[in-house]
Every structure is written in structure tokens, then in C-alpha cells.
Amino acid sequence: VALAITSVNLVPAGAATAYAAENATLTAGDYYIMNTATGRFLNGGNSWGTQASALEYGQFMTLSVVDAENGIYNIDSHISNGGNNHFVGAEGFIDGGATPLTIASCGNGSYTIANASGAYLTAPSGTDTTVVTYEAEKTDNSEWQILSREELIAQAVAKVRAEPNTPADI
């Protein structure tokens with residue numbers, strides 16, 4: 001089987017292992033956050049590119065540990081409309097100040113991301129919108145995989161190998 005990758009839209013990222021065990025604590029580092037139900041990535045879109053959106057391509061995000069024992073992290077989106085406001089916030093935008101968010105293992109390799117009110121970061125169902133919102137109830141669309149750069153590339157290569165006659169943007 002021949003494999004031809006025509007482009008890779010990734011930026012260099014010092015990746016750390018996302019999860020070695022079912023309930024492992026995430027370490028600080030660069031990751032791609034992919035919704036488990038939709039296969040789309042947390043990124044900036046809509047509202048001048050600063051609203052949390054579920055898109056086909058990933059944006060590396062940097063996790064920094066605020067309180068590892070309680071699963072509290074800041075998520076740096078690296079997307080800003082100026083100043084030091086470039087973090088995933090509690091209201092669904094990704095260009096806010098550093099906002100502590102709770103990241104909890106679902107026990108299946110996926111995680112939930114919740115704000116201080118306990119609402120879950122949730123990808124939209126269907127294709128009518130890409131806007132990611134915080135919802136009070138956890139659903140399948142509230143689960144996210146937190147992938148290292150290497151894990152993201154491995155998934156993309158596996159997809160291309162599984163469908164060799166179907167073009168894929170990686």
C-alpha cells in the first residue's frame with residue numbers, strides 16, 4: 001500500500017503523552033482537542049475567529065496545570081484579538097483571560113471540560129452550526145480526546161491507510 005500525504009497543516013508542538021492510563025492526570029503541554037462524537041476539533045471560528053468552534057482541522061492548544069489534584073487547567077488557544085487574552089474561557093470564546101477549567105477523565109480515553117459553574121464544553125450536533133457551547137447536561141458531544149501531535153498524526157495516517165482511494169486533508 002502506497003501512502004502519499006500531500007500536505008500537513010500542523011505546527012511544531014512539544015507534545016506530552018495525553019493519557020497512559022484510564023484516569024491519568026494530564027501533564028502540561030501542547031495538544032489537539034478533538035470531539036469524540038463528531039471527530040471535529042476545538043478551534044476558533046465565527047465571531048472574528050474567536051468563538052469556540054468544532055472544525056475539521058485542529059489548532060494546537062497548550063494545557064497548563066493550575067491544580068493537578070482537582071483536574072484544574074488553563075487552556076491556551078494561541079488565538080488572540082490582541083493582548084494576553086488567548087485562553088479558552090468559561091463563556092465559549094477562546095480569546096479570554098486565563099480561565100481555570102476542570103478536565104476530567106471519562107474512563108474511556110476521553111475527557112470532559114467544564115467551567116466553574118459545572119457546565120460542559122459541548123460540540124454541536126448536526127451540521128447547522130460549528131459553535132461549541134457550555135451545556136448543563138453532559139452528552140456524548142461533551143467528550144473530548146486530548147491528543148498529542150504524534151497521536152493526531154497517527155490517527156490521520158490510519159485514516160488515509162483505511163481509505164487509500166479517498167483524498168484526505170491532513
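The shown structure was predicted, so the numbers you read here are calculated from the model rather than taken from an experiment.
For residues 80-99, the set of pairs meeting the side-chain hydrogen bond (donor to acceptor under 3.5 Å, both in side chains) definition, not counting sequence neighbours, comprises D76-H86.
For A116, there are no side-chain contact (heavy atoms from CB on, under 4.5 Å) partners, not counting sequence neighbours. Applying the salt bridge (Lys or Arg N to Asp or Glu O under 4.0 Å) rule to E56 yields the partners R40; only residues at least two apart in sequence or on another chain are considered. Shown here are the side-chain contact (heavy atoms from CB on, under 4.5 Å) partners of S125, two or more places apart in sequence or in another chain: N141. Not a single side-chain contact (heavy atoms from CB on, under 4.5 Å) links A154 to another residue, sequence neighbours left out. In this view, T133 and E135 satisfy the side chain to side chain donor-acceptor pair (under 3.5 Å) rule, not counting sequence neighbours. Here N35 pairs with T38 under the side chain to side chain donor-acceptor pair (under 3.5 Å) rule; sequence neighbours left out. A104 pairs by the side-chain contact (heavy atoms from CB on, under 4.5 Å) definition with T112, not counting sequence neighbours.
Under a 3.5 Å cut-off, the side chain of W144 and the backbone N or O of L121 do form a donor-acceptor pair. The closest donor-acceptor contact from the side chain of Y134 to the backbone of I113 lies at 3.5 Å or more, if one exists at all. A donor-acceptor pair under 3.5 Å links the side-chain atoms of Q59 to the main chain of S77, judged by distance alone. Without hydrogens or angle criteria, S105 side chain to G107 main chain gives a donor-acceptor distance under 3.5 Å. Distance alone, capped at 3.5 Å, is enough to place a donor-acceptor pair between the T122 side chain and the Y120 backbone.
Residue I72 belongs to a hydrophobic cluster whose other members are V66, with links defined by side-chain heavy atoms closer than 4.5 Å.
One finds the CG atom of D30 at 13.0 Å from the CG atom of L147 (value rounded to the nearest 0.5 Å). Note that OG1 of T62 is 10.0 Å distant from OH of Y31, once rounded to the nearest 0.5 Å. Between atom CD1 of residue I94 and atom CZ of residue F87 there is a gap of 12.0 Å, rounded to the nearest 0.5 Å.
The shortest distance between side-chain heavy atoms of M61 and I146 does not fall below 4.5 Å.
Of the N and O atoms on the side chains of E151 and Q145, not one donor lies less than 3.5 Å from an acceptor on the other residue.
Clustering ILVMFWY residues whenever any of their side-chain heavy atoms sit less than 4.5 angstrom apart, transitively, puts L101 in a cluster other than the one holding V131.
Closest heavy-atom contact between Y32 and R149: CE1-CA, 4.0 Å.
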Under 3.5 Å donor-acceptor pairs involving side-chain atoms of residues 48-55, not counting sequence neighbours:
{"residue": "T50", "atom": "OG1", "partner": "S47", "partner atom": "O", "Å": "2.7"}
{"residue": "Q51", "atom": "OE1", "partner": "S47", "partner atom": "OG", "Å": "3.1"}
{"residue": "S53", "atom": "OG", "partner": "G45", "partner atom": "N", "Å": "3.4"}
{"residue": "S53", "atom": "OG", "partner": "N46", "partner atom": "ND2", "Å": "2.9"}
{"residue": "S53", "atom": "OG", "partner": "Q51", "partner atom": "O", "Å": "2.9"}

Practice prompt. Carefully, step by step, assess I33 and F41 under the rule side-chain contact (heavy atoms from CB on, under 4.5 Å).
Written response: CA-CA 6 Å; I33 302 175; F41 293 88; over 6 Å; no

Item to complete: Evaluate side-chain contact (heavy atoms from CB on, under 4.5 Å) for L63 paired with I103, printing each intermediate quantity in order.
Response: CA-CA 10 Å; L63 296 185; I103 301 178; 4.0 Å; yes

